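These notes are about the structure you will find just below.
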Amino acid sequence: MVESAIQTLALTKVFPNKPAPITAVQNLTLSVPAGKIFGLLGPNGAGKTTTIRMLCGLLRPSSGSATIDGLSVATHSNAIRARIGLVPEDAGDHKNLSLIEELEYHGALYGLDHATVLDRARPLIDRLGLGDRFNHRLHTFSKGMRRKFHLIRALLHQPRILLLDEPTAGLDPAVVEDVWDLLKSLAAERHVTVILCSHHLEEVEKLCDRVAIIRQRLLVQGPLSELSGGNRRYRITLATDAAPFATLLATTPAIQDPIATDRTLRFSITADPADTIPNLIRALIEHNATILEVARDSRDLRSLYLSVINNALEPNGSPAP
């Protein structure tokens, strides 16, 4: 197996539109390691769903390329579809069929007989709490029940790649934990590669080894531990409101991404902390700040996400070029 299960290079999708075309994804280059859970983040309209649809062959890119397990999405669509399990945000199904009938229909598309479908589906149905709905028709299912069904259907042919677009939307908290455990076991035990699109940042923090944040174009990607700041992220707690000192940090060499919240200043350091921190403390004291604490401060995903998205905007609120 190739080291990167999914790769895109300058992947772009432009939709024709009047009065002007709409660029949904622009020059997107991603690398998703095999057997890992990869978070694809961005606001509504950022291009996440369009990217997923291009990866599984439902949309043809305007330019650029994508590969799955080293196979080109453009030239090996049938082989790639056999490798992929997809849970789209708005998944369609045959609502007049029962749960098992729908799974049999889906399994037949992949050459699975009745016995194989039952053997593979039963553990997933029981694990996700749909055992009493085995012969119920899908039109009687709640939104949460249908999300469970869509996940079971996507896993039925035992894909090597799982593409998930808001997979836990509408699920009860207890069931969300079950889905998380299932995804972690798929990656760890079966070496399944997962791309997870989610607005649930706690979910991404718990599951993902790496993340990418996009807004049509790639803004940042990498291991979550590194993007959160690691030992380069610090906080300084003051005795008074921190907001008046935010400008000082913004103009101090080697200080990056300063954030003032209540009495706390948070920031990243791009140089040697042993030199930068003492210089910053002296500058704060010279500006009459009373310092209570200086400590390392790994940034949580929410603050990282907001910082990246806000820094990508022009003053009028449009994406920066």
Side-chain angles (χ1 to χ4, degrees), residues 3-11 24-56 64 66-68 84-89 161-169 176-177 179-188 191-233 256-257 259 266 268 297-313 319-320:
E3 183 177 356
S4 292
I6 302 171
Q7 286 189 311
T8 70
L9 180 61
L11 193 65
V25 177
Q26 181 179 8
N27 294 325
L28 184 62
T29 297
L30 297 175
S31 180
V32 181
K36 302 295 183 181
I37 304 178
F38 184 95
L40 186 61
L41 309 179
N44 291 332
K48 305 184 298 298
T49 298
T50 299
T51 299
I52 293 295
R53 290 171 64 83
M54 286 191 286
L55 288 176
C56 62
T67 59
I68 304 286
I84 285 178
L86 173 65
V87 179
E89 185 175 11
I161 309 291
L162 196 55
L163 305 178
L164 307 177
D165 200 348
E166 303 292 343
T168 59
V176 169
E177 294 280 355
V179 172
W180 290 353
D181 289 342
L182 175 60
L183 295 179
K184 286 187 285 189
S185 67
L186 287 170
H191 210 61
V192 174
T193 304
V194 180
I195 288 187
L196 172 64
C197 297
S198 178
H199 288 108
H200 189 178
L201 297 184
E202 180 190 2
E203 178 171 79
V204 175
E205 282 187 304
K206 286 184 176 293
L207 296 179
C208 296
D209 302 281
R210 299 173 64 90
V211 300
I213 302 175
I214 68 172
R215 194 181 184 102
Q216 285 77 51
R217 59 188 177 85
L218 178 67
L219 302 180
V220 66
Q221 74 172 313
L224 191 51
S225 58
E226 292 183 10
L227 295 177
S228 66
N231 62 2
R232 296 286 181 175
R233 190 77 185 166
Q256 193 173 62
D257 299 331
I259 298 173
R266 288 183 167 86
S268 296
D297 180 51
S298 292
R299 180 166 48 178
D300 61 19
L301 181 56
R302 181 178 181 276
S303 61
L304 168 67
Y305 176 85
L306 292 175
S307 175
V308 170
I309 292 298
N310 290 337
N311 287 339
L313 292 177

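Only a predicted model underlies this, so the values are computations on that prediction, with no experimental measurement involved.
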Q.
Please check: side-chain N/O of E205 versus main-chain N/O of L301, any donor-acceptor pairing under 3.5 Å?
A. yes
Q | Side-chain heavy atoms of P43 within contact of Y305, under 4.5 Å | A | yes
Q) Would you say N44 and H199 make side-chain contact, with heavy atoms under 4.5 Å? A) yes
Q. If you measure from CD on E203 to CG on L164, what distance do you get to the nearest 0.5 Å?
A. 8.5 Å
Q.
Once rounded to the nearest 0.5 Å, what's the spacing between atom CZ of R302 and atom CD of E202?
A. 13.0 Å
(Q) For the backbone of A10 and the side chain of T29, can you confirm whether one donor and one acceptor N or O come within less than 3.5 Å of each other? (A) yes
Q.
Under the criterion side chain to side chain contact (heavy atoms under 4.5 Å, CB included), I'd like the reasoning laid out for L163 against L55: C-alpha separation, chi angles, the key distance, then a yes or no.
A. CA-CA 9 Å; L163 305 178; L55 288 176; 4.2 Å; yes
Q | Distance in Å, L11 CG paired with L218 CG, rounded so as to fall on 0.5 Å steps | A | 11.5 Å
Q) Please walk me through it: do L30 and L40 pass side chain to side chain contact (heavy atoms under 4.5 Å, CB included)? A) CA-CA 10 Å; L30 297 175; L40 186 61; 4.2 Å; yes
Q: Would you indicate whether the side-chain heavy atoms of N27 and R217 approach each other to under 4.5 Å?
A: no
Q: Over all heavy atoms of both residues, which pair between S31 and Q7 is shortest? Give the atoms and the distance, please.
A: OG-NE2, 3.9 Å
Q | Taking every non-hydrogen atom, the tightest pair across A24 and Q216 | A | O-CG, 3.4 Å
**Q.** Point-to-point distance, once rounded to the nearest 0.5 Å, from CG of L86 to SG of C56
**A.** 5.0 Å
Q) At their closest point, which heavy atom of V25 faces which heavy atom of G47, and how far apart are they? A) CG2-O, 3.5 Å
**Q.** Chi angles and distances behind the side chain to side chain contact (heavy atoms under 4.5 Å, CB included) call for V220, L304
**A.** CA-CA 10 Å; V220 66; L304 168 67; 5.5 Å; no
Q: Enter the distance from I52:CD1 to I195:CD1 here, rounded to the nearest 0.5 Å.
A: 5.0 Å
Q) Would D257 and R233 count as a side chain to side chain contact (heavy atoms under 4.5 Å, CB included) if you check the C-alpha gap in whole Å, the side-chain angles of each, and the deciding distance to 0.1 Å? A) CA-CA 10 Å; D257 299 331; R233 190 77 185 166; 3.8 Å; yes
Q) Looking at side-chain heavy atoms only, is the closest gap between T193 and F38 below 4.5 Å? A) no
Q) Does any non-hydrogen side-chain atom of P33 lie less than 4.5 Å from one of D209? A) no
Q. Nearest heavy-atom pair of L196 and C208: which atoms, and what distance?
A. CD2-SG, 4.0 Å
Q: Work out which heavy atom in L41 is nearest to a heavy atom in K48; give both atom names and the distance.
A: C-CD, 3.7 Å
(Q) Do V204 and V211 have side chains that approach each other closer than 4.5 Å (heavy atoms only, starting at C-beta)? (A) yes
Q.
Can you give me the closest heavy-atom contact between I6 and I68, atom names plus distance?
A. CG1-CD1, 3.8 Å
Q: Would you tell me whether T49 and D165 have side-chain atoms, one donor and one acceptor, within less than 3.5 Å of each other?
A: yes
